[in-house]
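The block underneath contains the structure these notes are about, expressed in structure tokens.
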Amino acid sequence: MLEFYFSYCGVLKRLRSGALGGEMDRLAEFALGYKRASAKIYLSRIARFSQFAATRCGPMPIHQDVVDSYLCTFMTDSPRIGAASALGHALRVAPERFIASVPSVDADPDAPLLASFSDYLRRVRGLEPKTREGVLLGGRRFLDWFRHHHPGHDVEALTADYVLAAVEHRLSLSATSGARAPRSGSRPLRPRDAALAFGAFAAAPCMG
């Protein structure tokens, strides 16, 4: 199945090696719903993790600590989010190759939420990888703002007004206006609202 996306023998051999080498053709089959370019990116990201995991656990099931260690190798948010999203795909297709455990203290607590949001942006909004990365970066900035300004509040109870307040706060960093406090009784944030607001938050100027 990998031959549908890749043609060079050396590339195919590399993709089929590593800790997930035996599952790569199955992963490629389940990637058929993606655009061809996006599928190749996902498979390449999984293959890079597969090589990393092979040096940590060989053919044994992959422990969560290996995943956490791999994600910690990324110094910036965008590639880390992309890797987490690709590994989420691998976990859904080949769960038997992973051992679930309690995430370590250093694990990214927002990775599952952002991976799910990335999947929504791809499937529902049809955004290309680079565009998704920009929106996801805005999402991460918003989550940082939310936890800083509303400690102890549950993300599941998020409303659209929280996001609007965050956007106004970010705009206020280059102006004199303050952030608007969230109103009570606001409706829950829908995925479409989140996509638009996260994009606005990412695009808003920042002097910090």
Among all residues two or more places apart in sequence or in another chain, which pass the side-chain contact (heavy atoms from CB on, under 4.5 Å) test with [X]?
{"X": "Ser44", "result": "Phe6, Arg48"}
{"X": "Ile41", "result": "Arg45, Pro129"}
{"X": "Ser116", "result": "none"}
{"X": "Ala53", "result": "Ala19, Phe49, Cys57, Ile62, Val66"}

Minimum-distance pair of heavy atoms, taken over all atoms of [X] and [Y]:
{"X": "Ser118", "Y": "Tyr42", "answer": "OG-OH, 4.4 Å"}
{"X": "His89", "Y": "Ile46", "answer": "CD2-CD1, 4.0 Å"}
{"X": "Arg132", "Y": "Leu121", "answer": "CD-CB, 3.7 Å"}
{"X": "Gln51", "Y": "Gly18", "answer": "NE2-N, 4.0 Å"}
{"X": "Leu15", "Y": "Met24", "answer": "O-CG, 2.9 Å"}

Checklist entry - Is any side-chain heavy atom of Ser38 closer than 4.5 Å to a side-chain heavy atom of Glu128? => result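 Result yes, sub-4.5 Å side-chain heavy-atom pair found.
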Checklist entry - Mind checking whether Arg97 and Leu20 have side chains closer than 4.5 Å, heavy atoms only? => result yes
Next on the checklist: Considering only residues two or more places apart or on different chains, which pairs with a residue in residues 4-15 satisfy salt bridge (Lys or Arg N to Asp or Glu O under 4.0 Å)?
Outcome noted: none
Checklist entry - How are the rings of Phe117 and Tyr120 set relative to one another: parallel (under 30°), tilted (30 to 60°) or perpendicular (over 60°)? => result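 If you compare the ring of Phe117 with that of Tyr120, the planes turn out parallel.
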Item to check | Test log, rule side-chain contact (heavy atoms from CB on, under 4.5 Å), inputs Val67 and Tyr70 | outcome: CA-CA 5 Å; Val67 176; Tyr70 179 71; 5.8 Å; no
Checklist entry - Okay, side chain of Ser85, backbone of Ile81: is any donor-acceptor separation there less than 3.5 Å? => result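 No, Ser85 side chain to Ile81 backbone: no donor-acceptor pair under 3.5 Å.
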Next on the checklist: Pair Glu23, Val93 - check side-chain contact (heavy atoms from CB on, under 4.5 Å), show working.
Outcome noted: CA-CA 9 Å; Glu23 282 71 40; Val93 176; over 6 Å; no
Item to check | Residues that Arg123 engages under salt bridge (charged side-chain N to carboxylate O under 4.0 Å, His left out), provided they are two or more places apart | outcome: Asp119
Checklist entry - Under a single-linkage definition using a 4.5 Å side-chain heavy-atom cutoff for Ile, Leu, Val, Met, Phe, Trp and Tyr, are Met60 and Phe98 assigned to the same hydrophobic cluster? => result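 No; Phe98 is not reachable from Met60 via cluster members.
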Checklist entry - Are Met75 and Phe52 connected in a single hydrophobic cluster, I mean Ile/Leu/Val/Met/Phe/Trp/Tyr linked by side-chain heavy atoms less than 4.5 Å apart? => result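 Per the 4.5 Å side-chain linkage, Phe52 and Met75 are not co-clustered.
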Next on the checklist: Measuring from atom SG of Cys72 to atom CG of Asp65, what distance do you get when rounded to the nearest 0.5 angstrom?
Outcome noted: 10.5 Å
